[in-house]
Amino acid sequence: MASGGFQVVAPLDRSKPITILIVEDEALIASYIEDVLGESGFRVVGIAASGTEALSLAAENSPDLALVDIRLTGPVDGIELACQLREKFAVPAIFLSGLIDAQTTERARAAQPLGFLPKPFLPSQVFNAIQRALELPA
């Protein structure tokens, strides 16, 4: 039970940081996200530039969450990848996107994302999006 009217939203096991997979094909953005996550107390289990690489990293590391760019180079886009991550490994996703149109948004709903993070973003926006996602019921 929370005291003082505050609700405790931190993970129960603080000794084990939340693990996150970054799927971003722009190396500079991926590195920036990795720095932001590290400073926020999250553990990055890998950075993937393609869907194939992301699926391999997810199989090896069982991340708690994936940050997935919607537009990836290669045959698999971020939406399709997020669906595969959820189906094969029970890894939910938060989408990253620079531009998103109505048709893409509609397609993205099939992946049941835990949120959308528009590019460019501030470190606080990344942290807040993850915190909101972690508060959602599984």
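Just so you know, these numbers use all the heavy atoms, side chains as well, and skip hydrogens, waters and symmetry mates.
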K.L.:
Let me confirm one number: the CZ-CD distance from R43 to E34, rounded to the nearest 0.5 Å.
P.N.:
12.0 Å
K.L.:
Return the minimal non-hydrogen interatomic distance between G51 and L72, and the atom names on each side.
P.N.:
N-CD1, 4.4 Å
K.L.:
Would you please name every residue forming a side chain to side chain contact (heavy atoms under 4.5 Å, CB included) with A82, sequence neighbours left out?
P.N.:
A93, F95, A111
K.L.:
Checking L96 against I33 for the side-chain contact (heavy atoms from CB on, under 4.5 Å) test, could you report, in this order, the C-alpha distance in whole Å, the side-chain angles of both residues, the deciding distance, and whether it holds?
P.N.:
CA-CA 11 Å; L96 310 172; I33 295 169; 3.6 Å; yes
K.L.:
Quick one: does L37's side chain get under 4.5 Å of L67's, heavy atoms only?
P.N.:
yes
K.L.:
Could you walk me through whether L85 and V68 pass the side-chain contact (heavy atoms from CB on, under 4.5 Å) check?
P.N.:
CA-CA 10 Å; L85 287 170; V68 181; 4.3 Å; yes
K.L.:
Side chains of N61 and L21: does their closest heavy-atom pair fall under 4.5 Å?
P.N.:
no
K.L.:
Enter the distance from L134:CG to I20:CD1 here, rounded to the nearest 0.5 Å.
P.N.:
7.0 Å
K.L.:
Can you see which heavy atom on P92 is nearest to which on L114, and at what distance?
P.N.:
CB-CD1, 3.4 Å
K.L.:
Looking only at atom types and distance, does a side-chain atom of E53 sit under 3.5 Å from a main-chain N or O of A49, one as donor and one as acceptor?
P.N.:
yes
K.L.:
Where do Y32 and L28 land on the side-chain contact (heavy atoms from CB on, under 4.5 Å) test, with the steps shown first?
P.N.:
CA-CA 6 Å; Y32 171 72; L28 190 60; over 6 Å; no
K.L.:
What heavy-atom pair brings A48 and L57 nearest, and what distance separates the two atoms?
P.N.:
CB-CD1, 3.9 Å
K.L.:
Which atoms form the tightest heavy-atom contact between R71 and S97, and what is the distance?
P.N.:
NH1-OG, 4.3 Å
K.L.:
For the atom pair CD1 (I70) and CD1 (I79), what is the distance rounded to the nearest 0.5 Å?
P.N.:
5.0 Å
K.L.:
Working note: D69 + K119, criterion side-chain contact (heavy atoms from CB on, under 4.5 Å); need CA distance, chi angles, decisive distance, verdict.
P.N.:
CA-CA 10 Å; D69 187 8; K119 292 179 188 176; 3.2 Å; yes
K.L.:
Give the minimum heavy-atom separation between Q103 and D101, together with the two atoms involved.
P.N.:
N-OD1, 3.0 Å
K.L.:
List for me each residue that meets salt bridge (charged side-chain N to carboxylate O under 4.0 Å, His left out) alongside E87, sequence neighbours excluded, and say none if there are none.
P.N.:
none
K.L.:
Which ring pair (Phe, Tyr, Trp, His ring centres under 6.0 Å) pairs, counting each pair once, include a residue from residues 35-87, with sequence neighbours left out?
P.N.:
F42-F127
K.L.:
Please report the closest heavy-atom contact between A129 and L117, naming both atoms and the distance.
P.N.:
CB-CD1, 4.1 Å
K.L.:
Should P63 and T19 count as side-chain neighbours, where that means a heavy-atom distance under 4.5 Å?
P.N.:
yes
K.L.:
Hey, is CD on E60 packed in by over 12 heavy atoms from elsewhere, all under 6.0 Å?
P.N.:
yes
K.L.:
If you define the side chain from C-beta out and look only at heavy atoms, does anything of L55 sit under 4.5 Å from L81?
P.N.:
yes
